[in-house]
Amino acid sequence: MNQDADLVVIGSRVWVGDGTSTDALAVRGANVVAHGAAARDMIGARTRVLDRAGALVVPGFQDAHVHAPQAGHNLDNVDLRDLTGRHAYLEHIARYVAEHPAAEWIVGGGWSMEHFPKGTPRREDLDAVTGGKPAFLFNRDVHGAWVNSAALARAGIDATTPDPPDGRYERDADGTPVGMLHEGAAYTFESAWVPAPTHSEWERAILCAQDHLHSLGITSWQDAWVTPATLAAYRGLAHDRRLTARVVGALWWDRHRHLEQIDELREQREQGAPGFHPTTVKIMVDGIVENQTAGMLEPFCDGCGGVTDNHGLMYVDRDVLLPAVTELDRLGFQVHMHAIGDRAIRTALDAVAAARAANGPSDNRHHIAHVQVVQPQDVGRFAELGVIANCQTYWA
């Protein structure tokens, strides 16, 4: 039997995984079969040899905060991620509508707030390119959505519609919604009116995202937004061996409920499969800075040299967050908290402190995601409490 390798990389520093490195790596088929001197011994007549002096070879990158199903869904529909500017967005949407005459809704996302005045796109622009079909397009950070007049009419949203408690409709001076839904206004709209992807569509979305992530060298990730529907899709792909990444699922904490949901999360944790581990819980503590929903200690400015009375939103009250994190920690869950404003971050740290006081130290590796506005006196608490700062340099 031919024992030659298909590929041998030499001259590089190969990270082995036990704290050591070597200088060569051999691959046969889809498997790494040797490293070091043993890898060099497998060079034969048909072996491709890459001399990469000074390079670093690692098994793959891991992304600690990604939304693969939602991103894959965008890639399979209206994907605005790599485009720049209002006109490019509208041209792409118009092209998609023309190429998909059977689509009942125009869905997708990836647009950026910076390309619109005050970060606010308008329904009239979408109306001009969607041919009367309702449209719902999440923005790049998935904290707001751009909708057209047909979508607003479908939901019965007009100047008399009150804002939901966890979000708002951007409005003109007379109260008419302009077509931008913030936070809970977007999530509630999507769940109530936008057709949900089927099980097979969620599977296809995850596979689409997986192909893209693998192309970047990302071999494992934590999905920071796992719902029962995407849990089932991940589970099916893992059992069929179509999930070739290693994925940790962060089960979604329903901010409209309290501690009674923990039993359901425990049941969902048991629905893992080889390569898929739903062992984390994702809690949204606040919103984002851009739409002034981040939980802040001081109020937001008004843009005219003064301040408002708006301190942002806290989606999970302190008296719920602290006992929730304490109980999840006791049950062995990792807790992944979205916290951007300094008030939200301090409250999230307080929640971990309460868990440590009640349960003692653990290796659950709780983390706070985004961490954009932090008070100096809170920085050291991350190390003291063993909390990981899960930062996204993309947003910096």
Side-chain angles (χ1 to χ4, degrees), residues 67 69-70 73-74 77-78 80 86 89-90 92-94 96-98 100-111 113 116-198 201-202 225 227-230 252-257 284 286-288 290-293 310 312-316:
H67 303 296
Q70 292 79 10
H73 183 59
N74 284 357
N77 289 277
V78 176
L80 304 175
R86 168 178 166 271
Y89 293 156
L90 294 174
H92 183 85
I93 295 165
Y96 179 90
V97 172
H100 297 80
E104 296 183 7
W105 277 75
I106 308 305
V107 297
W111 57 271
M113 296 173 71
F116 298 93
K118 297 185 179 180
T120 303
R122 296 191 60 90
R123 55 187 167 80
E124 294 90 348
D125 281 342
L126 271 185
D127 294 346
V129 296
T130 48
K133 295 182 177 183
F136 180 93
L137 302 169
F138 268 124
N139 66 358
R140 189 171 296 186
D141 62 16
V142 199
H143 283 268
W146 183 12
V147 297
N148 63 1
S149 297
L152 291 170
R154 187 75 61 96
I157 296 172
D158 57 24
T160 66
T161 306
D163 289 338
D166 60 345
R168 75 174 188 275
Y169 306 114
E170 196 74 41
R171 303 173 188 268
D172 282 329
D174 64 357
T176 302
V178 304
M180 176 67 184
L181 315 180
H182 294 287
E183 299 290 337
Y187 304 144
T188 301
F189 186 103
E190 182 194 32
S191 63
W193 297 102
V194 181
T198 64
E201 287 172 338
W202 275 132
W225 188 354
T227 66
T230 58
W252 188 250
W253 178 272
D254 185 344
R255 64 189 185 220
H256 302 293
R257 301 172 63 197
M284 291 280 294
D286 68 343
I288 60 172
E290 289 84 351
N291 63 17
Q292 299 193 348
T293 58
N310 174 27
L313 296 175
M314 293 288 284
Y315 292 130
V316 181

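Note that the structure is predicted; figures quoted are calculated from it, not measured.
Checked by atom type, the side-chain pair E201/H73 shows no donor-acceptor distance below 3.5 Å. For the residue pair D166 and H256, a side-chain donor N or O sits within less than 3.5 Å of a side-chain acceptor on the partner.
Panel note: side chain N148, backbone L152; no donor-acceptor pair is recorded below 3.5 Å. Of the possible donor and acceptor atoms, none in the side chain of T176 sits under 3.5 Å from a partner among the backbone N and O of D172. A donor-acceptor distance shorter than 3.5 angstrom exists from the side chain of D127 to the backbone of S149, with no hydrogens or angles considered.
When all heavy atoms of Y169 and P162 are compared, the pair lying nearest together is CE1-O, 3.4 Å. Taking every heavy atom of both residues into account, G119 and W111 meet most closely at O-CZ3, 4.3 Å. When all heavy atoms are compared, the tightest approach of A135 to T130 is CB-CG2, 3.9 Å. Of all non-hydrogen atoms in E104 and K133, the two that sit nearest each other are O-CB, 4.1 Å. Considering all non-hydrogen atoms of both residues, R140 and Y89 come closest at NH2-OH, 4.1 Å. Minimum heavy-atom separation, A155 to F189: CB-CE1, 3.4 Å.
Taking 4.5 Å as the limit, every side-chain heavy atom of W146 sits out of range of all side-chain heavy atoms of R122. Inter-residue side-chain proximity for Y96 and N77 is flagged as met; some heavy-atom pair is nearer than 4.5 Å. Looking at heavy atoms from C-beta onward, L126 lies in side-chain contact with L137 at the 4.5 angstrom threshold. Residues E170 and H182 form a side-chain contact, since some pair of their non-hydrogen atoms from C-beta on lies under 4.5 Å apart. Looking at heavy atoms from C-beta onward, I106 lies in side-chain contact with V97 at the 4.5 angstrom threshold. Side-chain atoms of L90 and R86, non-hydrogen and from C-beta on, do get closer than 4.5 Å to each other. Considering only heavy atoms from C-beta on, W105 comes within 4.5 Å of W193 through its side chain. Residues M284 and W253 are not in side-chain contact: their nearest non-hydrogen atoms beyond the backbone lie 4.5 Å or more apart.
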Chi angles and distances behind the side chain to side chain contact (heavy atoms under 4.5 Å, CB included) call for V147, R123: CA-CA 6 Å; V147 297; R123 55 187 167 80; 5.9 Å; no
Evaluation steps, side chain to side chain contact (heavy atoms under 4.5 Å, CB included), between V142 and Q70: CA-CA 9 Å; V142 199; Q70 292 79 10; 5.8 Å; no
Residues V78, V107; criterion side chain to side chain contact (heavy atoms under 4.5 Å, CB included); working and verdict: CA-CA 6 Å; V78 176; V107 297; over 6 Å; no
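With sequence neighbours left out, the side-chain contact (heavy atoms from CB on, under 4.5 Å) criterion links L313 to T293, Y315.
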